[in-house]
Amino acid sequence: MVGTPVLFIAIPLLAAFLIPLLGMIWKELVRIIPGLVLAYMLVLSVSLLSYVLENGPIVEVLSGWAPPIGINLVFSAFSGFLVTLMSFLGLIIWIYSYRFKRNVDFEPSKKYFILLLMMITGSIGIVLTGDIFNLFVFIEIVGISGYALAAFYMGRNSAEASFKYLFMGSLASAFLLLAIMIIYSQLGTLNMADIASKVHLMDPTYKVVAIIFFMAAIGIEAEIFPLNGWAPDVYTEAPGPVGAAFSGIVVKAAVYAAVRMVYTLFDVSGTYDFLLIMGLITLIVAETTALRQDKLKRMLAFSSIGQMGLVLIAFGIGTLEGVFAALFLMLNHAITKSLLFLSGSYLVFNSKDKYIKEVNGLGKFMPITSFLFALGAFAIVGLPPFAGFWSKLSVLTAAADSNLILIIALILIVSVIEIVYYFRVVNRIYFFKKGESVIPQRPTAHALLAMITLGAIILIIGFYPDSITGILHKASADLMDKTKYINDVLSAK
Amino acid sequence: MTYILYIAMSFLILGLIISAIRFVKGPTAGDRTVALDTLTTIGVAGLVLLAYVFGRFIYVDVALVYAVLGFIGVIVIARYLEGAL
Amino acid sequence: MDSLYKMIEYGIYSAAILLILVGLYGALTKKSLIKIVIGLSIVDAGIHLLLVSIGYLKGGTAPIFSPGYEDKADIMVDPIPQALVLTAIVIGFAVTAVALSLVIRLYRHHDTLQIDDIKNLKW
Amino acid sequence: MEILEIIGGILILIGSAFLFLGALGILRMPDVYNRLQAGTKATTLGAMSLIIGVGFLEPSWMMKSIIIVVFIAFSNPISSHALARAMYKRKRYPIIKSEDKDMDAYIEVFQQEEEEVKS
Amino acid sequence: MIYLILFAVLLLLMLAAAVYATFQRDLLYAVIATGVISLVLSVIFYMLQAPDVALTEAAIGVALTTIIFIITIRNTVRHEDEHDKHSREKKIQP
Amino acid sequence: MKNTIVILLLATIGYYLGTIFFGIGFGDAHFANGVKDTYLALTTSELKVANTVTSIVVNFRGFDTLGEVTVLFLAATALGGILYKKRHAVGERTVLFPASSIVKSGAKLIFPAIVLLGAYVFIHGHLSPGGGFQGGTIIATGFLLMLLAYDNFSVNHNVLSFIESFAGIFFVAFGLAGLLISGTFLENFMPVGTMNDLFSGGVIPIIYILVGFKVAAELTGVIYTVLHEKD
Amino acid sequence: MENLTLSDKLSRFILNWFFLMIVWIAFTSSFSGQELIVGVITTMVISLLSISMFTCCTLAILSPIRIVYMLWYFVVFFVALIQSNFDVARRVLSPSLPINPGIVKFKTKLTTNYSKMVLANSITLTPGTLTVDVIDDTFYIHWIDVKTTDPEKAFTEIAESFEKILLKIF
């Protein structure tokens, strides 16, 4: 044990408040400190996770008051797994963006690192917290840093994308407050475990309306279909690492919140089916839209939305296998999509509009980046030797166990679509002639290191999936066991 | 005593309504700001009166803050109208 | 007395809900960006009012144990919604400030605030 | 005790009546300056007298009442002056009933303003 | 009884100000109307026995929100349906 | 067409909200099994803080407040980032008319009183309504008044970010001190004193004062940034 | 802002401290030891920080004769305030709105900014007048019932009674 879960929040906050001061002393510290903090968080999460897998969840009580009164943080196998994933990705993204654009001034880069650090911290907070209002506060932290990061480039469209996100985010927070209000007015408590233990006292109408508002709010953050209008624009206009952070970290946290609502908080029948249907619609709509895109990052964004739909489908199956498949999918998607964003943003580094046709023939000029992009593309569509294959397989088996034949068929059809549009890009990279005006940009050593790490992990998981499945099984079992969660939290002190 | 409070409060309510009418009628930004100023002053008085009705001394703090900050809001608008911001 | 509270109840809830709806209407249909931000802040106001009013207690007083009120805990209104609203107001202000700075940025690039003219990305 | 209550009640009545009159003034007067006149004076005295009245009813509140009154008496005229000046600078002409005799001062202010803009 | 009337008047005022702020074409007036909303809202919070919230609403709503909105208007346009791209000179009219 | 859809959507939302909230009831003890009574009891017995809202905001749910302070900090940072320009000329406010001398001298006279009021509000956060946020906002409004009245009035940015950072660091440090001394983050590790004294409530007033400084510095910075925004 | 000698600074500081302490006691409405200690510290810090910028006068303003004049000023001012309110009431309530508004100007002999501010505020609160602008020593007054436009006569009509006392105080 190197610490307690609250340090995941406290240390980054301390660092964020310190960075402006330290920046006055030595400007390079502004870049270094977040990396140190993220590395510390990774070490902490790994050691806590190994402790938790042995001894059961840690419930940290804050301000000295036991759960229904005070706020608590829960570091269980499930949340711990996500926290580890997020800290790892955060570290990778920090390494990548250490010298992402040399020409950025000191002031913006200071702000960039503070905001990135806080976005990761906020996502970790969403995963750790055991209190719905605290969840709201963390969502706002993620939101505000997200708005600022989306508008980071001074180009014409970034502010527009950011405003769109802000509009949706404000609506989300309004709905979230309404949902919290309804729950509080019925049960008089804000603690998740307490709510879960009392939720049967709630009138069904209230429950349904509360969950609808909740889902509307979380759906905006998690890019569920009718509410995902902001996502493609933000992914397109934000810097590459920020897009990776969004799809790898923020969306995962939002999905966690949605799943926590469905699996632990409420016991409304039909919510699993609701997840399933929403996931299905999201998947189909997003993938067919991705097929029509002509901008690289936009295509990746729609693909990311589609993958989230797949995750929701897996969660919506509702069995242990389904949850396992969903977690596996989340892991793979986080790593693979980050790799795609990171390498893709170097592929279209110097182009203004980021069209797909501008990657033509770059395979010769940037061999490593192109190779890594191709690797990510193969992994995400689920070709056999790579990581994505195992997760997709587990989704299919979980669906087959529950006799959801239609879903299997649809997933297979959508996979074909996915293969088409990813292979189109890979094809262009390797077998087309380079455009005249395209200037290839060599990645910096940091960026190369980050991308190669991700690629290596994809290969490792692809060839030895057993290395990760043990943790995933424990995590999914942890999510399914609602009474244990309630008991653990309410008996903490 | 109760009747006095009733009468005073009805005067204040009438004052609120009338300033609101001036606010809607305008016609210029200046008139609306005058209405806002009047509303603020009536509000301060009303807050003190309500504190007496509720019988709690600590409530007066709110009126104090309003008395101090209300005029800054008006000055903000006035400086904008001057074209000085 | 009961009918009085009933009327206040209906009045306050319907006013708060109408406030939310009016704000949402403004935010969803208006074309000017500043109007959209104003609409969002009206929505916030309505939600705060709703949240405070569900914590109200008939004949209650503020949850402050000032001298003379040390043992009146049974007539105090619910302090938790108030604490939540406190947080929510400050957060709402922060979001409004960021939104308005984005509006200024958008105007700098487009020289207009009409969303019809700004649509470079699909809305 | 009784005396204090009576004084307080009377002051409250006077104060609320003047607040009402101030509001009525801003409704009835014909232009911004006259509205400011009515608004400032009546509401200032009204609020002062009402708050002092409450102070008489509860003597322990007196000090805070006085400080609120001081703030109001200090800040209200400043804000209305700022507003009047703003309207003036923006060439919002006041209604002037008696002939042209007071236009001198009026025009002078505008000349001053234009010089300020130039410099 | 008088409280009922007071409540009713305050709620109606607030709603009227909200509707006014939504449908007024001059953005400056809409901003002043949001000031009125926050003033009335603060009095309502006060009457619902929430002085803390009333104080917060007062402190933030009176001057800070107004100044940020007004500066935005100063830097952009004053009227809602202004399509004209270079109309900054006409902007300040009381 | 769009209007119709919006109105239908709003009607649906309104209908559901109406059914929900008219059913809740107003001023009843509808959350009898909730945590409200526990909070009220613990505030008097354990924390000795008069204002229950303060004790909730700073102690029971102090973690929320930490998040809230962070949100403000991020908003200030984001504002600077969004409005950033390469040729950002600080201190260049083109003012057509200086304020009249009356506003100037009035502002000069009332400014210390406003700052004192803000200090009063956040020092008495545990006794009377108000606290760090309100007090900080009041002080920032005072600075706004000075910035409006004097076109050459300027605030030192480094001092502001110093105050901001140190207040935030001390806030977290108090939390960590609670973790080290008493075992949980943000725990009240100091003697609580007696009710309704100024020196009571342990770390609660101290944290609220820190919050007050931080909020004041942040909002002043926000106002300053926004006021100098001119293109 | 301006260059001050040390004794001048000290005297301003003590005056400011004194007044802020009075304001603090009024805020807290209590004389308990803890409040007073905290108040002394807080007000001292604030007045130290605002020593060169936010103070108006030196300790000399507290000399007895000036205090007597100040009290006299308050009496005059209150009488005028009450008069002005009845004046407003008469005008507002009479159905024909008996007003004859216009703008007049006059010059004042006051020199310091603070005395001008006090005079302007008093004029705003007294019968039928509103200070519109002050440029150097010229006051522009909106007068609800213009009796004369001659500067000297207007001055005697509006401001003389105040100015006499203010000259003694400042």
Side-chain angles (χ1 to χ4, degrees), chain B residues 1 3-5 7-23 25 27-31 33-35 37-49 51-52 55 57 60-61 63-64 66-84, chain D residues 5 8-10 12-13 15-28 31-33 35-36 38-40 42-44 46-51 53-55 57-58 60-61 64-65 67-72 74-76 78-90 92 117:
Chain B
M1 207 62 229
Y3 290 105
I4 291 179
L5 291 179
I7 296 168
M9 218 172 274
S10 24
F11 269 133
L12 293 188
I13 292 171
L14 284 176
L16 283 177
I17 295 173
I18 292 173
S19 337
I21 293 172
R22 172 48 71 200
F23 182 86
K25 273 173 80 174
T28 65
D31 298 291
T33 319
V34 177
D37 198 9
T38 315
L39 274 176
T40 312
T41 316
I42 295 178
V44 172
L47 289 180
V48 175
L49 198 62
Y52 174 71
F57 177 49
V60 184
D61 280 11
L64 183 57
Y66 241 109
V68 175
L69 297 191
F71 99 106
I72 301 181
V74 176
I75 287 184
V76 167
I77 301 170
R79 290 290 282 162
Y80 171 70
L81 291 177
E82 258 183 317
Chain D
E5 285 207 349
I10 292 172
I12 287 178
L13 273 185
S16 53
F18 273 119
L19 281 170
F20 169 69
L21 281 180
L24 198 62
I26 68 163
L27 185 66
R28 286 203 67 200
D31 76 338
V32 185
Y33 303 94
R35 280 173 201 146
L36 271 175
T40 314
T43 55
T44 307
M48 282 165 84
S49 128
L50 194 148
I51 292 166
V54 171
L57 291 180
E58 294 266 345
S60 64
W61 297 18
K64 219 166 210 169
S65 304
I67 200 77
I68 296 179
V69 163
V70 169
F71 274 128
I72 286 182
F74 188 77
S75 61
N76 249 356
I78 293 183
S79 65
S80 45
H81 157 75
L83 201 53
R85 185 172 183 263
M87 298 317 280
Y88 217 78
K89 293 278 184 204
R90 289 289 101 207
R92 191 53 42 172
V117 173

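Naming convention: chains lettered A, B, ... in sequence-line order (proteins, then strands); numbering from 1 in each chain.
- By the 4.5 Å heavy-atom criterion applied to side chains, B/Ser19 and D/Ile26 are counted as neighbours.
- Only the side chain of D/Leu50 comes within contact range of chain B, with heavy atoms under 4.5 Å apart.
- Screening B/Leu14, B/Ile42, B/Thr38 against D/Leu19 for a side-chain contact (heavy atoms from CB on, under 4.5 Å) leaves a single residue, B/Ile42.
- When each of B/Val34, B/Val74, B/Ile77, B/Thr33 is checked for heavy-atom pairs under 4.5 Å with chain D, B/Val34 comes out on top.
- Listed options B/Ala63, B/Gly46, B/Ala51 were ranked by heavy-atom pairs under 4.5 angstrom with chain D; first place goes to B/Ala51.
- Side chains of D/Thr44 and B/Thr41 form no contact here, defined as non-hydrogen atoms less than 4.5 Å apart.
- Nearest approach of B/Gly30 to D/Leu83, heavy atoms of both residues: O-CD2, 4.1 Å.
- Taken from OH in B/Tyr52 to CG in D/Leu57, the straight-line distance is 4.5 Å, to the nearest 0.5 Å.
- The residue among D/Gly39, D/Gly15, D/Gly9 with the most heavy atom pairs within less than 4.5 Å of chain B is D/Gly9.
- With sequence neighbours excluded, the residues forming a salt bridge (Lys or Arg N to Asp or Glu O under 4.0 Å) with D/Arg35 are B/Asp31, listed by chain and number.
- When each of D/Leu36, D/Thr40, D/Leu24, D/Asn76 is scored by its heavy-atom pairs under 4.5 Å with chain B, the top score falls to D/Asn76.
- Applying the ring pair (Phe, Tyr, Trp, His ring centres under 6.0 Å) test to B/Phe57 and every residue at least two apart in sequence or in another chain returns D/Trp61.
- B/Ile18 and D/Ala23 make their closest contact through CG2-O, 3.3 Å (heavy atoms, listed as atom of the first residue, atom of the second, distance).
- Contact annotation: the side chain of D/Ile68 approaches that of B/Val44 to within less than 4.5 Å [non-hydrogen atoms, C-beta and beyond].
- Considering all non-hydrogen atoms of both residues, D/Ser16 and B/Ala8 come closest at OG-CA, 3.4 Å.
- Separation of atoms CD1 (B/Ile75) and NE2 (D/His81) is listed at 9.0 Å; rounding is to 0.5 Å.
- The part of B/Val68 that comes within reach of chain D is its side chain, from C-beta onward, which places non-hydrogen atoms under 4.5 angstrom from that chain.
- Between D/Phe20 and B/Gly15, the shortest heavy-atom distance links the atoms CD1-N, 4.0 Å.
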Exercise for review: Evaluate the criterion side chain to side chain contact (heavy atoms under 4.5 Å, CB included) for residue pair B/Leu64 and D/Phe71; output intermediate values, then yes/no.
Suggested key: CA-CA 8 Å; B/Leu64 183 57; D/Phe71 274 128; 4.0 Å; yes
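- Note on B/Gly55, B/Ala35, B/Ala78, B/Gly73: by heavy-atom pairs under 4.5 Å with chain D, the leading option is B/Ala78.
- Most heavy-atom pairs under 4.5 Å with chain D, from the set B/Ile72, B/Ile13, B/Asp61: that is B/Asp61.
- Ranked by non-hydrogen atom pairs under 4.5 Å with chain D, the options B/Ile7, B/Leu16, B/Leu49 are led by B/Leu49.
- Distance check, rounded to the nearest 0.5 Å: CZ of B/Arg22 to CZ of D/Arg28 gives 11.5 Å.
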